[in-house]
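This report refers to the structure that appears directly beneath it.
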Amino acid sequence: MTEHLVWHPSLVTKTDRQLLNGHKSFVLWFTGLSGSGKSTLANEVDRQLYKLGVKSYVLDGDNIRHGLNKGLGFSQEDRIENIRRIGEVSRLFVDSGQVVLTAFISPLREDREQVRKLFEPGEFIEVFIKCPLEVCEQRDVKGLYLKARRGEIREFTGISSPYEIPLKPELIIDTALGEVAESARQVIDYLRGEGLI
Ligand SMILES: Nc1ncnc2c1ncn2[C@@H]1O[C@H](COP(=O)(O)OS(=O)(=O)O)[C@@H](OP(=O)(O)O)[C@H]1O
Ligand SMILES: Nc1ncnc2c1ncn2[C@@H]1O[C@H](COP(=O)(O)OP(=O)(O)O)[C@@H](O)[C@H]1O
């Protein structure tokens, strides 16, 4: 299908754009169970980056599924396509010199590794939002776990659909232990430590 397509190179490079912005561009890929804290943390880190003058943007599972990925469900096939598209969108953000924070369950290791391959070394930062299923279920922010337990939602991650824990994430944030502010500080500290901001 790409047989007659020719890539048109950009006259402005990614490095040019990073220099203009005054910081590196990369993706913070938050992964974890529903209710683990991906959206809350991604948005808090985004707010702090904004205050630091870093050009950042959050791509959130629930929001993206209303627009770009409308029509995709939660079968294995649809989740793979969901993550593939977000990987590609993230690459565009990074190419444009910005920082992108993604908050998708992204349950499968293989899919996350495929996304990692789209990036240069150091650009893909996998952040495992670690939180036991019992805690997520107790939070039940949207009441979905109750519905899943009642059998009203099929293929629900952690209940009737798998979640594969990252084996070598760049960062692990345990949200069952600390407050949101403390978790955000850990992410910002990591970025500073790596010289990314
Ligand atoms: N079956 C099932 N399993 C898991 N989650 C479900 C399901 N149905 C709806 N939801 C809601 O959709 C949000 C997850 O979407 P994602 O795009 O992040 O999922 S995935 O990465 O494609 O697995 C998820 O949002 P978060 O709670 O923010 O993770 C849920 O609100
Ligand atoms: N350290 C923490 N980091 C992020 N969220 C936390 C933390 N501690 C408690 N929470 C709470 O957990 C819930 C996480 O919900 P949400 O961010 O929607 O999760 P997800 O996007 O992974 O589904 C929120 O109610 C949030 O206030």
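Only heavy atoms go into these numbers, but all of them, side chains included; no hydrogens, no water, no symmetry mates. First listed ligand is number 1; within each ligand, the first listed atom is number 1.
In the vicinity of I153, heavy-atom distances shorter than 4.0 Å reach the ligand 1 atoms 1 (N). Less than 4.0 angstrom separates some heavy atom of T157 from each of these atoms of ligand 1: 3 (N), 4 (C). Set against the non-hydrogen atoms of D62, the atoms of ligand 1 under 4.0 Å away are 11 (C), 12 (O), 13 (C), 25 (O), 28 (O), 31 (O). Less than 4.0 angstrom separates some heavy atom of K38 from each of these atoms of ligand 1: 29 (O). For ligand 1, the atoms closer than 4.0 angstrom to any heavy atom of S34 are 26 (P), 27 (O), 29 (O). The distance from ligand 1 to the heavy atoms of P107 drops below 4.0 Å at these ligand atoms: 21 (O), 23 (O).
Between S106 and ligand 1 there is a heavy-atom distance shorter than 4.0 Å.
V115 and G87 get closest at one heavy-atom pair: CG1-CA, 3.7 Å. The two atoms that bring Y145 and D140 nearest to each other are N-OD1, 2.9 Å, heavy atoms only.
In this structure, E182 pairs ionically with R185, as a charged nitrogen and a carboxylate oxygen lie closer than 4.0 Å.
In terms of polar-atom proximity, L33 is not counted as a contact of ligand 1, lacking any N or O under 3.5 Å from an N or O of the ligand.
The aromatic ring centroids of Y57 and F93 lie less than 6.0 Å from each other.
Within the 4.0 Å heavy-atom criterion, the part of R154 lying near ligand 1 is the backbone and not the side chain. Counting heavy atoms under 4.0 Å from ligand 1, residue I64 does not touch it at all. For I83, every heavy-atom contact with ligand 1 shorter than 4.0 Å involves the side chain, none the backbone. Contacts of N82 with ligand 1, taken as heavy-atom pairs under 4.0 Å, involve the side chain alone.
Protein residues with a heavy atom closer than 4.0 Å to ligand 2 are L33, S34, G35, S36, G37, K38, S39, T40, R139, V141, T175, G178, E179, V180, S183, listed by chain and number.
Between F30, F74, F104, it is F74 that holds the heavy atom closest to atom 19 (O) of ligand 1. The nearest non-hydrogen atom to atom 25 (O) of ligand 1, considering only K147, E155, K142, comes from K142.
By the 6.0 Å contact criterion, CD on E179 is open, its count of non-hydrogen atoms from other residues, nucleotides or ligands being 12 or less.
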